[in-house]
Amino acid sequence: MAQELPKIYDPQSTQQQAEQLWAQGRYYHANEKTATPKKTYAVVIPPPNVTAALHLGHALNNTLQDILVRFHRMLGKATLWMPGTDHAGIATQTVVDKRLRAEKKPALVDYKEMEKNGQDGRSQFVAKVQSWKDEYEARILGQLKSMGCSCDWDRTRFTMDEVCAKAVRAVFFKLFADGLIYRGKRLVNWDPATQTVLADDEVEHQTVKGFFWYLKYPLVEPVVINGQTIEHVTVATTRPETMLGDTAVAMNPSDPRAKALVGKQVRLPIVGRLIPIVADEHVVLPDPESSEEKAKFSTGFLKVTPAHDPDDWQIGQRHNLPVINVMAPDGSISDKFGWTDWDVVKNPDVENIIGMDRFEAREAIVEWFRTEKLLAEVRDYSHEVGHSYRSHVPIEPYLSDQWYIAVKKPIPNCRLSMDDCRLETETRDGIAYIKGTDVPGNSLAGLALWPLLDGRLKFYPERYRNNYQTWLENLRDWPISRQLWWGHRIPVWSKSFSLTGNSWEETVEKERLLYLHGSVACRIIHVDSGKLILNPEEYLYPIRKETEGEYISYFCPTPDEGLRDEVAKAMGYKQDSDVLDTWFSSALWPFSTMGWPEQNETLKAFYPTNVLCTAREIITLWVSRMVMMGQYCLGDIPFGDVYIHAMIQDGQGRKMSKSLGNGIDPLTIIESHGADAMRFTLAGMTTDTQDVRMPVAALTLPDGRTVNSSPKFDNGRNFCNKLWNASRFAMMNLEGTDPAAFDASKLDITDKWILSRLAAVVRDVTETLTSYRFNDPVNALYKFFWNDLCDWYLEWAKPRMADAAQRPIAQNVLAFALDQTLRMLHPFVPFITEGIFQNLNTIAPVRKLGTLAAAPSAESIMIAPWPAGLDSFIAPDIERQIETMQNCIGAIREIRNKYNIHPAKRLIGTLVAPQGRLQMLRDNSRLICELAGMEQLIIEADAPKPANSAAAIVEEMQIYVHDVVDVEAERQRLQKQKEFIESGIRPLQAKLSNESFVSRAKPEVVEQSRQKLKDLTDQLDAVNKNLAELA
RNA sequence: GGGCGGUUAGCUCAGCUGGUUAGAGCGCCUGCCUUACAAGCAGGAGGUCACAGGUCCGAAUCCUGUACCGCCCACCA
């Protein structure tokens, strides 16, 4: 068996076998029945988007989670890692559309056309996306399994599967019933060419050369300021065509002219609309000398077009300005979409412009101003303009109706009252705000904020809490509708109707039928006034008579019974065609995956989860919303810890997702280096402080330039190979290991030493892993395994394995140390450790050291107990003694190398040491001889330097290596040694002669320095003596 | 514009609360195919810790400023 192990570690077969073993044993499965509150550990995966296969960033993210999960599973906890994927609304829809177009197949535009023609284009397109999703979901889950992720695969979820969909409907209903969902206007990124809405990151910014046009708007009544009569105000704009929709001119209240002008009216040219001059802080004061671009160009007057500019929209909101949309969806000027206040007879000019494309209209309008002598000036200007990534035409801010969640509205009958949190509040207008903020404590934003402030929600590293906090404090209402087809369709049905005369009761009576079908959340809005006439709180009564006019009725069905399609249709209701923001369903992920709103065992056992492990860019979008929804729906935070890991960057320091990372499928690395190698390298790179550049293998071109090629995982690969080979050695030597033959009193110094080191590493790894440091345990294990166990312990153990008396002791210690090391390594390199563990189980089934330490074995290392209780092995004096041995060996090896002595050549040496250390050194001289290639080592308290010997100094000892006869080389070596020692002495002397240091530094630091100086001085004397003897 | 990081060996990075002569891996140089491992073993060279000030007996570490690099958010009349 042992002999059959290959020399080079072959990850593929080991991975396969381990995967099989784990799948059979279902060790990843979390069992609710064995879970007790203190003994559970739960993590939900940040669900990867089904847009594409995973990249290195995912590999890192999931490696770290798996390390935590495996660690806690081995600590004996009922452990759940919930896997799944995210439908990623806009991204996926876009990707599929792109693919279809690339393949010259019917794409989104075509399906939209079908939909328009009454065919079912929507569901056909969704089916296309669905099959894309199926493909990538399978691929992603396969990648995760290949990486060794010990997710509970029996529970795999998808944000759009029925379990999650039910949670989405339930939360939406709850929000709707609580009056937290409302209909509002919002400017979206509109692509007039494809006539679709774009997400912010689908907008490409391009620098465009354009102009600033300075347009003069006449005042209705001239104003006199400082003796000057002012007849016009001049506004500067880069988009003159929008002036048709102007509803105000704004100026900064601190502008000296504001006093005279604010409140006056302006007659909007061409249109003839009378619009007010309003005061708004947002307006930049003019200053031609300023370095600020805006101040240089500003006239102090800003045209306000709420329907066509996000900023102006805000100003419009502040001043209650009318919103006049002058454009059609195709970007042409139109009076059919909200612009009513013009007159064909009075305004032939307007009639001219209507129907023009926005760019044509721009020219026409500028020309009109020029002709009318109202164009004050034109200046060159280049600025950033958003373009559609799809059609590459400039995007148009376009006003549309959207669903919103009110995040700062106090929640009626909130399940968490402010009594549940201990934060200070201040009450204004009857609302309790979290002190120092304008966030009501019992609003959604408030619910997400207080766990942070009261310390229950912790960020690692801590600095990220600022992100979270300031975002929530400045939170605006959350627009949740998206004009897409791929996603959770908004569960709201609506119908317009008009009321005339006495039809009110009859109409409303009909709506009551809906309630009988389970719809209890309902709202009827009077279109003209926007007034809500039936509140969700009032449900059926009182039914009041209202004014005649147009109404819209919205219904949100309960998640369980639902509003049956037929019923809705029969009643003339139509479902909203939009879908929900992807983050809406993501926000529910920690509990939707567990089956909420059903109250079940899983939720009881595993909610709240322990940690969320994610990248920093979604703290606001995702983390905060999960906390919000967890608090709102379950009355508890979804996780206590948020671990934000570093990002992997490419060689240029760019985000991986933008360059290198996207191209690299973890599977290619797993194939070439093995999953363990990848995990080990990734975990070892992770630190709290900064992002990390992926080391890449550099490629040198013929012209001498170097180009980055592929990421390097050699480190991990080499480590695995070392682990494999050390284990081979163990397997060859552990046959017949008999725990009964172990005798604690016969442990030799190397046994005691390696056990001491082992105990220290167990302590270190356990502690660092608990505080989310991953590179520390990786480094500690790397050093311990490679440098301590392999380089020293195994080398010293080799001869002992051939010694009948020593063999049983060394075998038991080696088996035990290897066993414990494998367990600690397992979270990092799961496959290879499982493979070796299985071999070890065959060859040395019981690994224990008498009564000193017992380590129960297990059928899989995955469920083997984590090493513990080894502290009694810690022996600092033993470690110091071994260090002395190592130093002696190092000194002799250096001499061997310097004199180019062949490794096979046996040497004789003399070691001169103080009386007190002689016994220890003599006891252990074999350690030095074996590893330094000495035939004999004479150890004396006093001995002259043998002729023709090289001298080395270790601590307070002298080592002479006999018969190395190159006087000049020896002189140079000693001279160099002398200089080195002297350079150490100087700063120490300076330090110790400094009165302040001696009196003010910690005594142990001073003592340390004194000791060190004494050692160095002794060494210097010795070197000088040797030098003198040479001469 | 607001916020947050980074700058340590040729490369990628450690270095926790200031205190031995600043570390690792890779790369480089020298010698070894030593019966676990050449994906290895042994040894070595290589750093005024971005810059300028400050605090302190003492600064890679704490403070201030500068430069460059990066990230997030906001915004572009």
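Just so it is clear: chains get the letters A, B, ... in the order the sequence lines come, proteins before strands, and each one is counted from 1.
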Only one of Leu769(A), Thr766(A), Asp764(A), Val761(A) clears side-chain contact (heavy atoms from CB on, under 4.5 Å) with Pro777(A); which? Leu769(A)
Checking rC4(B), rG25(B), rU21(B) against the side chain of Asn715(A) (C-beta onward), the nearest is rG25(B)
When the C1' atoms of rG54(B) and rA59(B) are considered, how many whole Å apart are they? 11 Å
Can you see whether His282(A) engages Asn252(A) through a side-chain donor-acceptor pair at a distance of less than 3.5 angstrom? no
Grab the CZ-C1' distance between Phe713(A) and rU12(B) for me, whole Å please. 12 Å
Quickly work out the Ile619(A) CD1 to rG5(B) P distance and round it to whole Å. 12 Å
Please give the distance between the C1' atoms of rG44(B) and rA9(B) as a whole number of Å. 14 Å
Any chance you could encode RNA chain B as dot-bracket? Rule is Watson-Crick or G-U wobble with both distances under 3.5 Å; [ ] for pairs crossing earlier ones, | for another strand. (((((((..((((.....[...)))).(((((.......))))).....(((((..]....))))))))))))....
Between Asp776(A) and Ile901(A), which has a closest nucleotide on RNA chain B that is more 5'? Asp776(A)
I'd like the C1' distance from rG18(B) over to rA60(B), given in whole Å. 10 Å
How would you list, by chain and number, every residue that makes a side chain to side chain contact (heavy atoms under 4.5 Å, CB included) with Gln1008(A), sequence neighbours excluded? none
Residues in side chain to side chain contact (heavy atoms under 4.5 Å, CB included) contact with Pro11(A), at least two apart in sequence or another chain: Tyr9(A), Gln15(A)
With sequence neighbours left out, what residues match Pro286(A) under side chain to side chain contact (heavy atoms under 4.5 Å, CB included)? Asp255(A), Arg257(A), Ser298(A)
Can you check the distance between rA45(B) and rG10(B), where both ends of the measurement are the C1' atom (answer in whole Å)? 13 Å
Work out how far the C1' atom of rG47(B) is from that of rC28(B), and round it to whole angstrom. 16 Å
Say you pick atom C1' in rC13(B) and the same atom in rC51(B); how far apart are they, in whole Å? 22 Å
Using atom C1' of each nucleotide, how far apart are rU34(B) and rC41(B) to the nearest Å? 8 Å
All salt bridge (charged side-chain N to carboxylate O under 4.0 Å, His left out) counterparts of Arg896(A), not counting sequence neighbours: none
Please determine whether a side-chain nitrogen of the Lys or Arg among Glu396(A) and Arg239(A) lies less than 4.0 Å from a carboxylate oxygen of the Asp or Glu. yes
Taking atom P of rU12(B) as reference, at what distance in whole Å does atom CG of Asp714(A) sit? 16 Å
Taking only residues two or more places apart in sequence or in another chain, which ones pass salt bridge (charged side-chain N to carboxylate O under 4.0 Å, His left out) with Arg973(A)? Glu970(A)
So, using salt bridge (charged side-chain N to carboxylate O under 4.0 Å, His left out) as the criterion, who are the partners of Asp10(A) when residues are at least two apart? none
Qualifying residues under ring pair (Phe, Tyr, Trp, His ring centres under 6.0 Å), relative to Tyr217(A), sequence neighbours excluded: none
Options rA14(B), rC72(B), rA38(B), nucleotide nearest the side-chain atoms of Asn467(A): rC72(B)
Between rU21(B), rG19(B), rA36(B), which one does the side chain of Phe997(A) approach most closely? rG19(B)
Which whole-number value in Å describes the distance from Asn779(A) CG to rC13(B) C1'? 10 Å
How many Å lie between CZ on Arg463(A) and P on rC71(B), as a whole number? 15 Å
If we take the C1' atom in both rG58(B) and rG40(B), what is their distance in whole Å? 44 Å
Sorted by position of nearest nucleotide on RNA chain B, 5' first, the leading residue of Pro987(A) and Thr470(A) is Thr470(A)
What residue pairs, at least two apart or across chains, pass salt bridge (Lys or Arg N to Asp or Glu O under 4.0 Å) with a residue in residues 671-681 of chain A? Asp66(A)-Arg679(A)
Rounded to the Å, how far apart are Phe680(A) CZ and rG25(B) P? 12 Å
Using nucleotides 73-77 of chain B, report all nitrogen or oxygen pairs with the protein that are shorter than 3.5 Å.
residue	atom	partner	partner atom	Å
rC75(B)	O3'	Asp311(A)	OD2	3.3
rC76(B)	OP1	Asp311(A)	OD1	3.3
rC76(B)	OP1	Asp311(A)	OD2	2.4
rA77(B)	O3'	Thr238(A)	N	2.7
rA77(B)	O3'	Thr238(A)	OG1	3.0
rA77(B)	O2'	Ala236(A)	O	2.6
rA77(B)	N6	Val284(A)	N	3.3
rA77(B)	N1	Val284(A)	N	3.4

Quick check for you: among rU21(B), rA36(B), rC71(B), whose closest atom lies nearest to any side-chain atom of Leu1016(A)? rU21(B)
Leu60(A) has an atom CG; how far is it from atom P of rC13(B), in whole Å? 13 Å
Touch class at under 4.0 angstrom, heavy-atom based, for Glu979(A) against every strand present: nothing
To the nearest angstrom, how far is Glu1004(A) atom CD from rG58(B) atom P? 19 Å
Asp246(A) and Thr305(A): side-chain donor and acceptor closer than 3.5 Å? yes
Side-chain donor-acceptor contact under 3.5 Å, Asp1015(A) with Gln1019(A): no
Give me each pair satisfying side-chain hydrogen bond (donor to acceptor under 3.5 Å, both in side chains) with a member in residues 978-993 of chain A, each pair once, sequence neighbours excluded. Lys978(A)-Asn1024(A)
Would you say rA36(B) has OP1 or OP2 under 4.0 Å from some side-chain N or O of Lys798(A)? yes
Need one value for Ile981(A): base, sugar-phosphate or nothing, where a base atom within 4.0 Å counts as base even if backbone is also close, heavy atoms only. nothing
Heavy atoms under 4.0 Å is the rule here; annotate nucleotides 39-46 of chain B 5' to 3' with B where the base is hit, S where only the sugar-phosphate is, and - elsewhere. BSSBSS--
With the side chain defined as heavy atoms from C-beta on, Asn900(A) is closest, among rG19(B), rG5(B), rG31(B), to rG31(B)
